[in-house]
Structures are given as C-alpha cells and as structure tokens.
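Have a look at the structure below, then the notes.
Values reported hereafter were calculated over all heavy atoms of this structure, with side chains retained and with hydrogens, waters and symmetry mates removed.
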Amino acid sequence: IDAVTTASVRQRLEEAARRDADAVVLELDTPGGELMATLELTNLIRTTAPPNTVAWIHPHAFSAGTIIALSAREIVTSPHATFGDAAPVTGLGPIPAAERAKIESPLLAELIDEARRHHYDERLVQAFVSVGIELWLLRDPATGEVVFVDRAEYAQVFGEDPQETLTTITPPESDEPFAVSPLISLLSGLQPESTLTEDGIESTPLLPPIRAPLTTDDRDRFEVLGQVVSNDRLLTLKPWQAEAYGLSAGIVANDDELKDFLGASTIF
C-alpha cells in the first residue's frame, strides 16, 4: 500500500460514482504499506466512497490493510482469512520507544475514531497496533453481551487479578450470536460534524466511548471467557473470532456469495 495504491483507489471510486454504484467493495489481500498512504486512504474512504463501502478481507489484511478495513462501513472475510498485526515497522531496525510512540499516535487516533464511528470495541482495535495491551473477554450469559476489559477493569469487577494465560476460546455451539452492548444502538444514528485540518485531511470529533467502565456491581452479571491478547503480542484474528468480537459482519467466500451478501444485481 503506497501512493500508487491511493491513486488507483481514487480513480476506481470516481469510476464507481460515474456508474452510479450503490456500494463499493474493497478487496484486501495485503501485507501492509506506508503510513501516510494508509491515512490518505482511510480519509478517502470517509470522504469520497459511498456510505455502503465494505472491506472484504480475501484472504489477508495485515498492518495497513487492517486499518483500512476498519474504516469501511463493515468488514467481511473469506473463510480462511487472517488480519491484524498492525504495529508500525521500519526496514532500518527496531524503532526506539519515543519514536514508536510518535508513530503510533496517529494510528491509534485513527483506530479509536473508526471504532467509535462503527461501534467496535476501541480497546480491542488498539491491540492491533500496540504491544502491551492486555484484554480479557467477558460475557453476560443472560443477554449475550460481550465486553473487553483490561487488567485494571478486570480487578475492579472481580476483586482479583486475571489469569495471564491465553485461552483458546471456542466458538459458541448454539446459533445464538454474540450481542453487542445496548449502548451501541443508541449511538448508531449519531453523525458528528466534520472539520478540515490545516493539511486538508478531514477530522471528525470523536464520539464518546460506547460503554461506561464496569464496576463491582457487574461482578455477578459477567462470566470470563478467557484472555484475548497478552501484553507481549499484537492482536491477530481469524474469521470466527472477528465475528464473535463484533468486527466482522460475516464470511464471504467468492463473488457469488458477495453478490448475495450485498443483495446486488450486478458486480463490476
């Protein structure tokens, strides 16, 4: 992903507009790319692409590919897809801590913005970029609501430190999907006003977090499903995990299934 990619996507979006396309699919198979090209692409998707823009991870979207996917209205994956591992890297060797923090800052701001815009868990998406984020998955058995908590919030709820073992969390056996927080539906209609930064890139004020912090009052409401990511690795997901964690809308294997998913009469 580089400046050539950005120019190509821009031309294709212009062509889609000329042909009155109702939706655009970004088919992603990439190991990543340049930071500025990535941020330009996400801005292009927000400002130029049709509202119904879908990222199809087919089959891999690492690094910049993950960030671009999160900027689309929704994500679908191919059956054996993998995405994540979006920390900035350089061919010149390890990045010193101060420089890494400076590079990560715009990426994290972008991810938080997209998480709140599309109602993803903002802690979860930050784990794509930053090593050191620890998350555990909790579920309310009564409602199916799932939340991701860090060490401090876990201790606040349960009064003890969490187990530091990554657990193989198997998909639910029933057909009952994981539900998202009811707060998400309340925020779904909000469209914050956009402004332009000095460099002309659109900047949208962040929506508020989609849930309030959990407390000891929630102790009896949630069960612990396991640790999602430890502090020594970056988040990488397979299709069923992406669905269970609220990041993917489904699995699409080929163009025919994509057509059915979109309810499309024509794909060009």
Whether the side chain of Thr47 engages the backbone of Asn43 through a donor-acceptor N/O pair (distance < 3.5 Å, no angle test) should be reported.
yes

Group every Ile, Leu, Val, Met, Phe, Trp and Tyr by side-chain heavy-atom contacts under 4.5 Å, then state whether Phe62 and Leu70 land in the same group.
no

OG1-CG distance between Thr77 and Leu28, expressed to the nearest 0.5 angstrom
11.5 Å

For the residue pair His80 and Pro59, establish whether any side-chain heavy-atom pair is separated by less than 4.5 Å.
no

Please tell me if the side chains of Ile45 and Leu26 come closer than 4.5 Å, counting only heavy atoms from C-beta onward.
yes

Are Asp218 and Arg221 close enough for a salt bridge, meaning some N to O gap below 4.0 Å?
yes

If hydrophobic clusters are built by linking Ile, Leu, Val, Met, Phe, Trp and Tyr wherever their side-chain heavy atoms come under 4.5 Å apart, do Leu135 and Leu235 end up in the same one?
yes

Specify the closest pair of heavy atoms between Asp140 and Ala142, including all atoms of both residues, with the distance to one decimal.
OD1-N, 2.9 Å

Can you name the nearest heavy-atom pair linking Gly32 to Ser63, along with the distance?
CA-CB, 3.8 Å

Looking at residues at least two apart in the chain, or sitting in another chain, which of them share a salt bridge (Lys or Arg N to Asp or Glu O under 4.0 Å) with Arg151?
Glu134, Glu164

Minimal non-hydrogen separation, Leu214 against Gln156, with atom names
O-CG, 3.8 Å

Could you tell me which residues satisfy ring-ring contact (aromatic ring centres under 6.0 Å, His included) with Phe158, sequence neighbours excluded, listed by chain and number?
Tyr154

The complete set of ring pair (Phe, Tyr, Trp, His ring centres under 6.0 Å) pairs with one or both residues in residues 9-33, sequence neighbours excluded, reads none

So, Arg117 and Glu114, do they make that salt bridge, N to O below 4.0 Å?
yes

Sub-3.5 Å donor-acceptor pair from the side chain of His118 to the main-chain atoms of Ala72, do we have one?
yes

Short question: side chain of Gln241, backbone of Lys238 - any donor-acceptor pair under 3.5 Å?
yes

If you measure from CG on Leu44 to CZ on Arg12, what distance do you get to the nearest 0.5 Å?
12.5 Å

For the student: nearest non-hydrogen atoms of Val129 and Ala86, plus distance
CG2-O, 3.8 Å

Per the ring pair (Phe, Tyr, Trp, His ring centres under 6.0 Å) rule, what does the pair list look like for residues 30-53, sequence neighbours excluded?
none

Closer than 4.0 angstrom, basic N to acidic O: yes or no for Lys102 and Glu99?
no

Side chain to side chain, Ile68 and Thr38, heavy atoms closer than 4.5 Å:
yes

Identify whether Ile251 and Ile267 are in the same connected component of the hydrophobic contact network (ILVMFWY, side-chain heavy atoms under 4.5 Å).
no

Donor-acceptor pair, Arg219 side chain versus Val157 backbone, under 3.5 Å?
yes

OG1-CG distance between Thr42 and Leu111, expressed to the nearest 0.5 angstrom
9.5 Å

Charged N to carboxylate O under 4.0 angstrom, Glu122 versus Arg116?
yes

Could you give me the CA-CA distance, side-chain angles and deciding distance for Arg211 and Glu153, then say whether salt bridge (Lys or Arg N to Asp or Glu O under 4.0 Å) is met?
CA-CA 13 Å; Arg211 70 169 178 86; Glu153 192 171 15; 2.8 Å; yes

Look at atom CG of Asp220 and say whether more than 12 heavy atoms of other residues, nucleotides or ligands are closer to it than 6.0 Å.
no

For Ser130 and Ala127, indicate whether the former's side chain and the latter's backbone hold a donor-acceptor pair under 3.5 Å.
no

Using 30° and 60° as the class boundaries, would you call the ring planes of Trp56 and His58 parallel, tilted or perpendicular?
parallel

Looking at side-chain heavy atoms only, is the closest gap between Leu124 and Tyr245 below 4.5 Å?
yes

Name all residues meeting the ring-ring contact (aromatic ring centres under 6.0 Å, His included) criterion together with Phe222; count only those two or more places apart in sequence or in a different chain, and write none if there are none.
none

Give the cluster check for Val125 versus Ile103: same hydrophobic cluster or not, with ILVMFWY residues linked at side-chain heavy-atom distances below 4.5 Å.
yes

Connecting only ILVMFWY residues whose side-chain heavy atoms lie within less than 4.5 Å of each other, what is the rest of Val131's hydrophobic cluster?
Leu234

Heavy-atom closest contact (Ala3 atom, Ala37 atom, distance):
N-CB, 4.0 Å

Applying salt bridge (Lys or Arg N to Asp or Glu O under 4.0 Å) to Glu15 and Arg18, what does each step give before you reach the verdict?
CA-CA 5 Å; Glu15 175 66 13; Arg18 284 194 294 270; 2.7 Å; yes

Do Asp150 and Ile133 touch side chain to side chain, with heavy atoms closer than 4.5 Å?
no

With a 4.5 Å limit on heavy-atom distance, are the side chains of Leu39 and Glu110 in contact?
yes

Do Pro88 and Leu107 make a side-chain contact, defined as non-hydrogen atoms from C-beta onward lying under 4.5 Å apart?
yes

Would you please say whether a donor-acceptor pair under 3.5 Å links the side chains of Thr6 and Arg10?
no

What closest approach, in Å, do Asp22 and Asn52 show between heavy atoms, and which atom pair accounts for it?
O-CB, 3.6 Å

Heavy atoms, side chains only, cut-off 4.5 Å: are Leu13 and Val24 in contact?
yes

When clusters are formed by joining ILVMFWY residues with side-chain heavy atoms under 4.5 Å apart, either directly or through shared neighbours, do Ile75 and Leu262 land in the same one?
no

Working to the nearest 0.5 angstrom, can you tell me the gap between Glu40 CD and Ile1 CD1?
12.0 Å

